[in-house]
Engineer: 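My questions all concern the structure below.
Nothing fancy with the numbering, it's 1 onward along the sequence. Remember, it's 1-based here, ligands and their atoms both numbered in the order they're listed.
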Amino acid sequence: MIVAKFGGSSLADAAQFRRVRDIVLADSRRQVVVPSAPGKRFPQDEKVTDLFYQCHKARQKGEPFQPVLEVIRGRYGEIAENLGLALDLDGIFQQIWEQIARGAGPDYCASRGEFVNGQLLAEYLEFSFLDAAQAIVFDDDGKLDEEETNSLLQQELLERVPVVLPGFYGRGPQGQIKVFSRGGSDVTGALAARAVGAEVYENWTDVSGFLIADPRIVTNPKSIETITYRELRELSYMGATVLHEDEMYALSCAGATVLHEDSVGPVSRAGIATNIRNTNRPDHPGTMITSTAVKRENFSIFAGIAGRKGYSLVLLEGEDPQQGAFAQKILRAARAHGMDPQAPAVSGAHISFLVDSGEYEHEEEEFAARATVLGAVQPPEVHTGFACIVLVGYGVPHNHRTLSRIFQTLQSRNIPVAMIHQGISEISTWVGVGEEYMEEAIRALYLEFSKGK
Ligand code: ASP
């Protein structure tokens, strides 16, 4: 069985609904479908979820919310009419109006986007419908009760397949509606995939998976065919980072928000692969995220490459050359001062590490004083203006030529290498260069490693 989740842009209008139906019906294993609310049809458009939040705000301020609710009703009406669906939108919107008028909370309001969309999609696909409030449950602290949810979902979904389960929401202990953070339909899909023991969790969006490198730096980078959950975590840490945008935590590559962070746990622990696919290019295989490593074909050795500027290199020397413990104490002190030291290199009583320049400056004096207490012979030597490039993949331990290739590639372009570090996880190799060289270094390394072994 396959669980297929479709994001907001995949269900933004009737034409997109048609694509979704073609995709779902093309493979009879797609038995559980998880929709988001309709997203943007064009860049200046509004997401239905945002419009629902606006209704709630207006009601709170004592302003009329009916005009915005009408706009939302209009969007669903257009889809239903275009596809010839008979769902009683008037009845549904009458109920929603009454609830908002009575002062329903923001979570209730926001959840209606998926609630209505799920019913439209179920009718269109001729699938049954399971209200997520029946099976996704949160505890008193507002945290997802994952085990209870798992058994409820298992029972309710398997009884109804083929079935549509709306994303993004569930219910709290008193029966009140509660939503995940923004982008949370990904989480619903992952929970459903775990519950039914799906062979794969398909996450249909508007990009053909993750790219190997940032397209703002590398022209037309290839997309990642396969990557493990661990590698992805490592890449997103450094790469276009784990975004925190509009309250949306998302694993992202090259700036595009692709996957909600909390959707990784349920499937990765259950050993279920996530396949990121593009609704607008259904023939493209997208990116397969797996629990165990798979041999890579298109970008051998590494899964991806990413970089970030704004690092400082900090060097310290302890009193006693035999004292390896000095390094450990310094690292602990750096953490205690709110820093996240990366790529530490230790030899005898010497230690160096990279740290976010802003974090270091903030604590510079206190940290220097602490280092003296711990036995540093002089104040920390600090070099600013570094960029960190990380090459992620199980490459290096299995290919001894990799490090020399990195050096040669950068040397041939006169890019000085400040440091190279093999992460303890053995899946990432860090390269420190001056900030001014970062883009060129990424391009060079991409070219070198996309050639293959
Ligand atoms: N509709 C919700 C949002 O806009 C949830 C989702 O799309 O996953 O955040």
Engineer: With a cut-off of under 6.0 Å to the ring centre and 45° to the axis, is Arg112 in cation-pi contact with Phe115?
Structural biologist: yes

Engineer: Below 4.0 Å from ligand 1: does a non-hydrogen atom of Gly184 turn up there or not?
Structural biologist: yes

Engineer: I need the minimum non-hydrogen distance between Met438 and Arg308, along with the two atoms involved.
Structural biologist: SD-N, 3.6 Å

Engineer: Could I get the full list of salt bridge (charged side-chain N to carboxylate O under 4.0 Å, His left out) partners for Asp50, not counting sequence neighbours?
Structural biologist: Arg182

Engineer: Between Asp139 and Lys143, does any NZ, NE, NH1 or NH2 come within less than 4.0 Å of an OD or OE carboxylate oxygen?
Structural biologist: no

Engineer: Heavy-atom contacts with Arg182 under 4.0 Å: which atoms of ligand 1 show up? List them by number with element.
Structural biologist: 3 (C), 4 (O), 9 (O)

Engineer: With sequence neighbours excluded, tell me which residues meet salt bridge (charged side-chain N to carboxylate O under 4.0 Å, His left out) with Arg194.
Structural biologist: Glu146, Glu147

Engineer: Give yes or no for whether the N/O distance cutoff of 3.5 Å, strictly under, is met between Gly183 and ligand 1.
Structural biologist: yes

Engineer: Is the closest heavy atom of Gly113 to ligand 1 under 4.0 Å?
Structural biologist: no

Engineer: Show me which atoms of ligand 1 lie under 4.0 Å from any heavy atom of Glu114.
Structural biologist: 1 (N), 2 (C), 5 (C), 6 (C), 7 (O)

Engineer: Checking the N or O distance criterion of under 3.5 Å, is ligand 1 in contact with Ser36?
Structural biologist: yes

